[in-house]
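Below: the structure, in structure tokens.
The structure displayed is predicted, hence computed values, not measured ones. If you read the sequence from its start, that first residue is 1, and numbering goes on from there.
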Amino acid sequence: MQSMFKVGIDIHGVIDTYPEKFKQLSSALIKSGAEVHIITGSKGSCDIKALLSKAGIEFTHYFSIVEHLEKTNDIEWKNNKPYAPDDKWNVAKRDYCKAQAIDLMIDDSVVYRDSFNEIGTTFLHLAN
């Protein structure tokens, strides 16, 4: 039996740059029975959820690096902005993708790319 296809998509620089394309992609993936994981730095605030809703983005899961690091006390807030050590922040997406067995991660930030060499998730770098 084939396992469910799982795709991770970043928001900033990806969904917010090409909302119509990712609306079509997320809809097609979910209709086919795949999981769509929003994997981003941002908390799942009302503003973020409104952005996704307005863009028509369908998803099954939401992962926030900030919320994850708040749970482990690896983040602090300065001037209303989150700060975390690079060794914690830069691997959080990789760790989530590994734990959730994500097949494909679409992101515009190359800072995450090299950490994906260690796991089974294919990292697709979206160059704008």
Problem set entry | Counterpart residues, ring pair (Phe, Tyr, Trp, His ring centres under 6.0 Å), relative to F63 (two or more places apart) | H68, Y96
Problem set entry | Counterpart residues, ring pair (Phe, Tyr, Trp, His ring centres under 6.0 Å), relative to H12 (two or more places apart) |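 H12 satisfies ring pair (Phe, Tyr, Trp, His ring centres under 6.0 Å) with no other residue.
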For this session: Applying salt bridge (charged side-chain N to carboxylate O under 4.0 Å, His left out), name anything that partners K43, two or more places apart in sequence or on another chain.
Result: E70
Problem set entry | For E118, salt bridge (charged side-chain N to carboxylate O under 4.0 Å, His left out) partners two or more places apart |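 Partners of E118 under the salt bridge (charged side-chain N to carboxylate O under 4.0 Å, His left out) test: R94.
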Return the [atom1] to [atom2] distance between [X] and [Y], rounded to the nearest 0.5 Å.
| X | Y | atom1 | atom2 | value |
| --- | --- | --- | --- | --- |
| N73 | K88 | CG | NZ | 11.0 Å |
| M105 | I119 | CE | CD1 | 10.0 Å |
| I102 | K6 | CD1 | NZ | 6.0 Å |
| I57 | L52 | CD1 | CG | 6.5 Å |
| S64 | I11 | OG | CD1 | 9.0 Å |
| I15 | S26 | CD1 | OG | 7.0 Å |

Quick one: side chain to side chain donor-acceptor pair (under 3.5 Å) partners of [X], sequence neighbours excluded?
| X | answer |
| --- | --- |
| D74 | T72 |
| S32 | none |
| Y112 | W89 |

Of the non-hydrogen atoms in [X] and [Y], which two are nearest, and what is the gap between them?
| X | Y | answer |
| --- | --- | --- |
| F59 | I30 | N-CD1, 3.6 Å |
| P82 | I75 | CB-CD1, 3.4 Å |
| C97 | I39 | SG-CD1, 3.8 Å |
| A55 | P19 | CB-CB, 3.9 Å |
| A34 | T60 | O-CG2, 4.4 Å |
| A84 | L69 | CB-CD1, 3.6 Å |

Problem set entry | Verdict with supporting geometry, V91 and D87, side chain to side chain contact (heavy atoms under 4.5 Å, CB included) | CA-CA 7 Å; V91 299; D87 66 327; over 6 Å; no
Problem set entry | Partners meeting side chain to side chain contact (heavy atoms under 4.5 Å, CB included) with K78 (sequence neighbours left out) | E76, Y83
Problem set entry | Partners passing side chain to side chain contact (heavy atoms under 4.5 Å, CB included) against T122 (at least two apart in sequence or in another chain) | L104
For this session: Scan for side chain to side chain donor-acceptor pair (under 3.5 Å) pairs involving residues 98-111, sequence neighbours excluded, and state none if there are none.
Result: K93-D107
Problem set entry | Residue pairs involving residues 15-24 (criterion side chain to side chain donor-acceptor pair (under 3.5 Å); sequence neighbours excluded) |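 Those involving residues 15-24 are E20-Q24.
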Problem set entry | Pairs involving residues 50-59, ordered by first then second residue, that meet salt bridge (Lys or Arg N to Asp or Glu O under 4.0 Å) (sequence neighbours left out) |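 As it turns out, there is no salt bridge (Lys or Arg N to Asp or Glu O under 4.0 Å) pair with a partner in residues 50-59 once direct neighbours are skipped.
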For this session: Given side chain to side chain contact (heavy atoms under 4.5 Å, CB included), test D10 with I106 step by step and report yes or no.
Result: CA-CA 6 Å; D10 181 47; I106 303 169; over 6 Å; no
For this session: Please state whether the rings of F116 and F123 are parallel, tilted or perpendicular, taking 30° and 60° as the class boundaries.
Result: tilted
Problem set entry | Cluster link V111 to I9, ILVMFWY, side chain under 4.5 Å |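 Different hydrophobic clusters.
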For this session: Please answer: with hydrophobic residues joined when any side-chain heavy atoms are less than 4.5 Å apart, are L51 and I65 in the same cluster?
Result: no
